[in-house]
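In what follows, chains are A, B, ... by sequence order, proteins preceding strands, each numbered from 1.
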Number of protein chains: 2
Amino acid sequence: MSDTHPAIKKGRKFDQVVEGARTVFLRDGFEGASVDDIAREAGVSKATLYSYFPDKRVLFLEIAAQETKRQADAFEERMDENLSPEALLPNVGRKILDFILSDFGQAVFRIAVSESDRFPELGRKYYESGPALVAKRLSQYLASCTARGELEIDDIELAAEQFGELCKARLQSRRLFQACCDIDDSEKQKVIDGAVHMFLCCYGVRK
Amino acid sequence: MSDTHPAIKKGRKFDQVVEGARTVFLRDGFEGASVDDIAREAGVSKATLYSYFPDKRVLFLEIAAQETKRQADAFEERMDENLSPEALLPNVGRKILDFILSDFGQAVFRIAVSESDRFPELGRKYYESGPALVAKRLSQYLASCTARGELEIDDIELAAEQFGELCKARLQSRRLFQACCDIDDSEKQKVIDGAVHMFLCCYGVRK
DNA sequence: GCATTTCTGAACTCAACAGTTTAGTTTAAA
DNA sequence: TTTAAACTAAACTGTTGAGTTCAGAAATGC
């Protein structure tokens, strides 16, 4: 942001520009967003906007970088490795699902999918700071569980990705393709419970 | 196509137009495609194109409808209900995964995601003729397995969706976000085996 | 107060693109 | 071979949107 690269920030309305761009790009995508829209939303003149960013592309990439970072931060917190899978997985699952179904999660996903052709870097960054990061954190936790003998997993990374996948079952596509109005809480819980059950069924140690 | 609605088809180049539009729309999306491009790709003049379709939107929806139907056809064949899950699931999983990773599957998914805001109908249709259809067919099969006592499932539809989800683990996003060059066969097989194993582990009857 | 930097807004250029028109050419069928 | 329908090429209109320019207004620092 402005604080990290003060050299880039020359004026007082930098943050307004970024904030406006964020709103409009997340709402309309790259092509869909017009620079005039962004300037209006930011409460700033076009000339000001162009004094900060050389073109629309660069502005977009700046926003995309910020948002993937924001996404990464949402998952960066380490999991408590001492908790049992029975206790921890439902919470993690719920967090993943809530994020995916949130307006922000949907918007970022949509942008990443539709623009990763035009901006390959963006696709990779989204992947690294989203799905890959979650899988990595989860893998670390699962490894400690297997070390403690609470789980039995041969391919830990695959297991982590399977769990992530199971949490999205049904609901991600339903929301993405507007196949439903809204998703109530009990339905989310059913999916999470199913994911945890299936996971422990497969990788839990026999009692 | 032309044969199903001969009333719409007035001239001999109808199919060329559709074919060209298909190529360009799948490659560039709705905004990214220009009508001049389509006409050039189709080997047809713009006037001819506009003699068939009133505007770009309608042309796009025609293509989208065709492609979702094509997608549906790929999964329409009934599964052999007499096969055991151990025998059938790996094949089904492989089919799902291959489709998702194919150029066509990727292109249609990408279009559906990025245009379902502009064309809500498209999103719904994609969903119905893709994920929902697969889940439905799979549910029917799983029901017959539980009836035979080969599987033990309480929520059959959820189970079907879980299996579908497991088959995409890791590889769909990897491909979608260009986080890899290409995906070799052994990796696909590993994911499918993992999916089948997990599924049977959870829903298979104890032996 | 005065000077400097930042910002404004409105008008502008330029290119791309959707859709139309027209005058003339090709095709195919009778 | 004639005729009508289908098609073409190319020029044209109107719009939208990216990026620029500039004369002047507002904020900031001294």
Counting only side-chain nitrogens and oxygens, does [X] get under 4.0 Å of the OP1 or OP2 atom of [N]?
| X | N | result |
| --- | --- | --- |
| A:Tyr52 | C:dC7 | yes |
| A:Lys13 | C:dT8 | yes |
| B:Thr48 | D:dT8 | yes |

Measure from NZ or CZ of B:Arg124 to the centre of the six-membered ring of B:Phe119, then state whether that distance is under 6.0 Å and the direction lies within 45° of the axis.
->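 No.
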Is it possible for you to check whether B:Arg78 lies under 6.0 Å from the centre of the six-membered ring of B:Tyr141, through NZ or CZ, and within 45° of that ring's axis?
-> no
Starting at atom [atom1] of [X], determine the distance to atom [atom2] of [N], rounded to an integer number of angstrom.
| X | N | atom1 | atom2 | value |
| --- | --- | --- | --- | --- |
| A:Tyr50 | C:dT6 | OH | C1' | 19 Å |
| B:Phe30 | C:dC17 | CZ | P | 13 Å |
| A:Asp36 | C:dC12 | CG | P | 16 Å |
| A:Leu49 | C:dC7 | CG | C1' | 12 Å |
| B:Phe53 | C:dA18 | CZ | C1' | 16 Å |
| B:Asp15 | D:dC7 | CG | P | 11 Å |
| A:Lys46 | C:dC14 | NZ | P | 15 Å |
| A:Arg12 | D:dT28 | CZ | P | 5 Å |

Got a salt bridge between B:Glu67 and B:Arg22, using NZ or NE/NH1/NH2 to carboxylate O under 4.0 Å?
-> yes
Would you indicate which nucleotide in D:dG19, D:dA9, C:dG19 comes nearest to any side-chain atom of A:Asp55?
->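 So the side chain of A:Asp55 is nearest to D:dG19.
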Checking all strands, does B:Ala39 fall into the base, sugar-phosphate, or nothing category for heavy-atom contacts under 4.0 angstrom?
->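 It contacts nothing in the nucleic acid.
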Reckon A:Gly32 touches a base, only the sugar-phosphate, or nothing at all at heavy-atom distances under 4.0 Å?
->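 If one applies the 4.0 Å heavy-atom cut-off, A:Gly32 turns out to touch nothing in the nucleic acid.
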Aromatic ring centroids of B:Phe60 and B:Phe53 under 6.0 Å?
-> no
With no angle test and no hydrogens, is the base of C:dG19 tied to the side chain of B:Lys56 by a donor-acceptor pair under 3.5 Å?
-> no
Which sits closer to the 5' end of DNA chain D, A:Ala33 or A:Ala47, going by the nucleotide each is nearest to?
->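 Going by which nucleotide is closer to the 5' end, it is A:Ala33.
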Start with the C-alpha distance between A:Ser34 and A:Asp36, add both sets of side-chain angles, then the distance that settles side-chain hydrogen bond (donor to acceptor under 3.5 Å, both in side chains), and finish with yes or no.
-> CA-CA 5 Å; A:Ser34 89; A:Asp36 293 80; 4.6 Å; no
